[in-house]
Amino acid sequence: MDQAEVVVRKLPDAPGRVRTGLVLERQGSKMRVRWDDDATEEDVTITWTTTFMPRGSVRHQALVDPDALIGRLNDDPTSVFVQLLREYGTAMTAATIKEKFSSLGLDMEIVDRAWKRVQGKLRTHESVGGSGLRYKWKGDKDKATTGESTASPESAAEFDEESEPHEPLPEVSSEGSGEQADASVQPKPKQSSDAVEVAAEDFPQEVAEEKTNVEPAEASVPLVEAIAIALGDKPAPDLLSYAAKPLTTGYRLGELEDAQIDRLLVSVLDNERPHAVALLAALPRTTKVIDASAWAEVPTEAMQTVLVASTAELRERSGGPRATTAAGRLLERVGNLPPTPALLLAFLGLTAAVATDPGKEELTVLERAAHVLHGWLTRMGRERCEEVAPETLARIAVELPLTAQGGRAALLVAVDRLWPERVTDEIWWRDVTLTSLANSATGILGRVTARADIAEHVIAPLMARELAKVAGRARLTSLLALPHEFVAYLPPEGVANAFRRVAVDDPVVDSWVGALTRTSEVAQLKNEAERARSELQRAHGRVEQAEKDARELTARCERLEKLLRQQHERSVDMRAAQERQLQIDAVRALADLAADVEELSVSGATPEILVERVRALVSDQDLYAIGQAGAESSFDPEAHEPLVGAPQAGETVTVLRPGYRWRSKEDTLLTRALVSLTQP
């Protein structure tokens with residue numbers, strides 16, 4: 001078996017799925033892990049959803065590939081039971097062995113069938129021994145454990161193979177004597193070494209070894225076992241059964257007395273106690289056992305896990321009203337914790353789940369949660385809330401009535417501070433009445449309703465819609481009595497039409513309309529005529545100015561077009577002359593070089609003189625050689641081109657043919673020097 005230690009993390013938001021990684025370094029309950037799925041490294045702490053074990057162990061197979069383990073139980077059950085005894089290394093009864101498989105979440109019908117097939121073979125197996133009804137690995141002691149507890153069998157309680165499921169028995173003094181304590185004394189549940197073994201499963205080896213030295217009467221137990229004992233669940237399910245439904249678990253625990261909850265917290269392993277408190281956050285009642293400081297000491301990750309699992313449970317709608325009650329208390333307790341981005345997202349997810357088709361109780365929960373979200377969002381700021389979707393907040397807000405100090409107004413204020421561009425979205429104002437909006441404007445929402453864009457997109461349409469429905473003096477008066485920022489957006493023509501509609505059946509209003517019409521008709525006509533004359537004069541002036549501007553622009557365009565043609569012709573001629581001169585200069589330099597070489601050759605000049613003369617002529621043209629043929633140099637990828645070998649930068653190479661740079665006005669690389677790797 002591969003003895004490498006691996007970490008397995010259960011994913012609360014994906015029941016049945018796990019994440020695995022290799023343990024690189026371990027100190028107590030803290031480990032450095034390289035995850036198998038993406039090869040990233042992370043520091044993790046052993047918790048109720050994250051544990052470690054040897055790769056290939058029975059427990060590892062049950063968590064990572066339970067189908068393969070079930071296949072082994074069907075095909076070769078002897079090897080599975082022998083492996084289990086070898087890994088635990090302690091004497092176990094048939095009931096204890098089956099309990100181990102039950103705690104791994106396997107189907108007990110399959111385990112029972114496999115046990116009936118293998119029971120007789122275990123007695124005669126060369127590596128299995130024991131006495132009475134107990135079985136124990138008797139092979140190499142170094143192989144007796146693989147990361148599990150090594151509690152001594154002497155502290156285990158005797159169980160009859162035929163008595164399953166079994167009740168906790170009184171302590172026995174030793175395996176050999178079989179003497180029991182006074183039957184009138186009720187023992188604490190799970191005080192056998194098996195409890196200690198299970199407790200060690202989720203903790204590092206040194207912690208597990210320390211636990212095995214604890215007296216049975218004082219031994220702590222894993223969280224799953226402590227909850228199962230408190231709730232009377234037999235056999236104890238896998239921890240994920242409780243962790244995946246924290247609302248149901250919290251409600252069930254809430255039916256216990258405070259003394260029973262206190263015993264649960266006292267009996268659980270120290271490293272798992274914060275996670276027990278996290279589960280108790282969903283307790284649907286107050287309890288004196290846990291004060292506010294205890295909630296605050298719960299790791300944020302643990303509380304976040306409970307929130308995520310509660311969200312999934314609530315969306316399944318399997319818990320009924322009890323789940324809603326538990327969710328409300330959970331949100332209330334989490335709302336008193338310091339906010340973090342991750343905790344905020346988990347809190348928001350559960351709140352959104354509560355907001356799905358809410359009833360009266362859910363609305364009460366949403367009101368409190370909305371105020372918590374307002375406080376967290378405004379304290380954290382937009383940078384720390386980048387992953388929060390304003391649409392999710394809107395889906396929560398739209399389920400709440402709009403009141404001056406209510407949760408919907410609080411969420412609107414928070415969004416106005418963090419995402420002011422989103423406040424005008426239609427969803428925020430869905431089903432809002434003009435009366436509720438006006439009343440809310442006197443509270444915390446006043447800073448939002450004072451915005452010009454809110455007035456334009458929200459207040460004005462509401463005012464126009466309400467004005468169009470006015471049919472009586474009382475409603476018309478109430479509209480005119482609204483705050484100034486509301487009345488300012490009443491359309492004048494709409495107000496006049498409303499007065500006319502009311503005047504049909506109301507003599508008082510009819511007299512008002514008549515008086516206003518008679519006294520204002522002449523003034524209105526004069527004002528309209530004066531405005532028309534002013535507009536006509538301004539229009540004539542604009543036409544004349546436009547014609548003048550058009551003439552000036554036409555003339556200017558003609559001048560610019562002519563100038564552009566002239567400049568183009570000059571630039572073409574100049575470019576042709578420059579190119580011709582460049583060609584002449586290049587050919588002249590080549591001719592001079594050819595003449596000099598021929599002259600020196602006829603006169604019998606040595607190759608050194610020829611080279612020197614050529615270099616002088618080249619230098620006159622601002623050409624500079626890169627190396628000399630046959631010379632050694634350090635390889636420069638920018639100036640050298642390897643012809644033989646693949647030298648690295650700085651490696652010694654031999655120049656086969658020099659390159660050249662032209663340094664006229666600026667440094668230009670013409671050709672790289674050809675080099676070869678110098679042989680050692």
Side-chain angles (χ1 to χ4, degrees), residues 1-3 53-167 169 172 174-176 178 190 192-198 200-201 212 234-238:
M1 181 188 300
D2 182 8
Q3 296 297 309
M53 65 215 64
R55 190 187 300 276
S57 64
V58 173
R59 188 157 174 264
H60 176 249
Q61 290 181 335
L63 290 173
V64 176
D65 193 357
D67 292 338
L69 182 58
I70 291 173
R72 288 183 60 199
L73 282 170
N74 291 329
D75 299 337
D76 186 14
T78 303
S79 67
V80 180
F81 284 97
V82 170
Q83 180 181 347
L84 183 75
L85 291 171
R86 183 179 72 235
E87 290 173 356
Y88 279 86
T90 61
M92 292 188 284
T93 65
T96 307
I97 293 173
K98 293 181 181 181
E99 184 179 344
K100 298 297 183 187
F101 284 103
S102 175
S103 67
L104 297 176
L106 297 182
D107 187 339
M108 292 311 296
E109 291 186 4
I110 297 175
V111 176
D112 287 337
R113 287 198 302 268
W115 175 254
K116 290 178 181 178
R117 293 170 55 193
V118 79
Q119 182 177 3
K121 298 178 182 179
L122 280 183
R123 288 294 181 194
T124 59
H125 196 281
E126 60 181 1
S127 297
V128 177
S131 61
L133 299 177
R134 308 182 78 173
Y135 303 84
K136 183 178 181 181
W137 168 261
K138 66 176 183 179
D140 188 352
K141 291 184 178 180
D142 293 337
K143 296 181 181 180
T145 58
T146 55
E148 304 289 355
S149 172
T150 57
S152 63
E154 288 74 11
S155 62
E158 295 283 356
F159 293 96
D160 190 332
E161 188 174 342
E162 303 297 327
S163 64
E164 303 172 281
H166 59 280
E167 296 290 340
L169 299 180
V172 295
S174 65
E175 178 181 345
K190 299 292 182 184
S192 68
S193 62
D194 299 327
V196 183
E197 294 166 22
V198 178
E201 293 178 7
T212 61
K234 299 177 183 179
D238 185 79

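Here the structure is a predicted model, which means the values were calculated and not measured.
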Where Arg59 and Glu87 come nearest, the two heavy atoms and their spacing: N-OE1, 4.4 Å
All ring pair (Phe, Tyr, Trp, His ring centres under 6.0 Å) counterparts of Phe101, not counting sequence neighbours: Phe81
Minimum-distance pair of heavy atoms, taken over all atoms of Asp112 and Lys98: OD1-NZ, 3.3 Å
Leu84 to Lys100 - nearest heavy-atom pair and separation: CD2-CB, 4.1 Å
Residues which pass side-chain contact (heavy atoms from CB on, under 4.5 Å) with Leu69, listed by chain and number, not counting sequence neighbours: Val58, Gln61, Ala62, Arg72, Val80, Leu106
Side-chain heavy atoms of Ile97 within contact of Leu85, under 4.5 Å: yes
Reported CG-to-CD1 distance for the pair Leu73 and Ile110, which is rounded to 0.5 angstrom: 7.5 Å
Nearest-0.5 Å distance, CG of residue Leu122 to OG1 of residue Thr124: 8.0 Å
All side-chain hydrogen bond (donor to acceptor under 3.5 Å, both in side chains) counterparts of Asp76, not counting sequence neighbours: Ser79
Value rounded to 0.5 Å, distance of NE2 in His125 from CH2 in Trp137: 7.5 Å
Nearest heavy atoms of Pro77 and Arg117, plus distance in Å: CD-NH2, 3.7 Å
Over all atoms of both residues, closest heavy-atom pair of Lys121 and Thr78: CD-OG1, 3.6 Å
side-chain contact (heavy atoms from CB on, under 4.5 Å) involving Glu109 - partner list, sequence neighbours excluded: Asp107, Arg113
Val128 to Lys138 - nearest heavy-atom pair and separation: O-CE, 3.7 Å
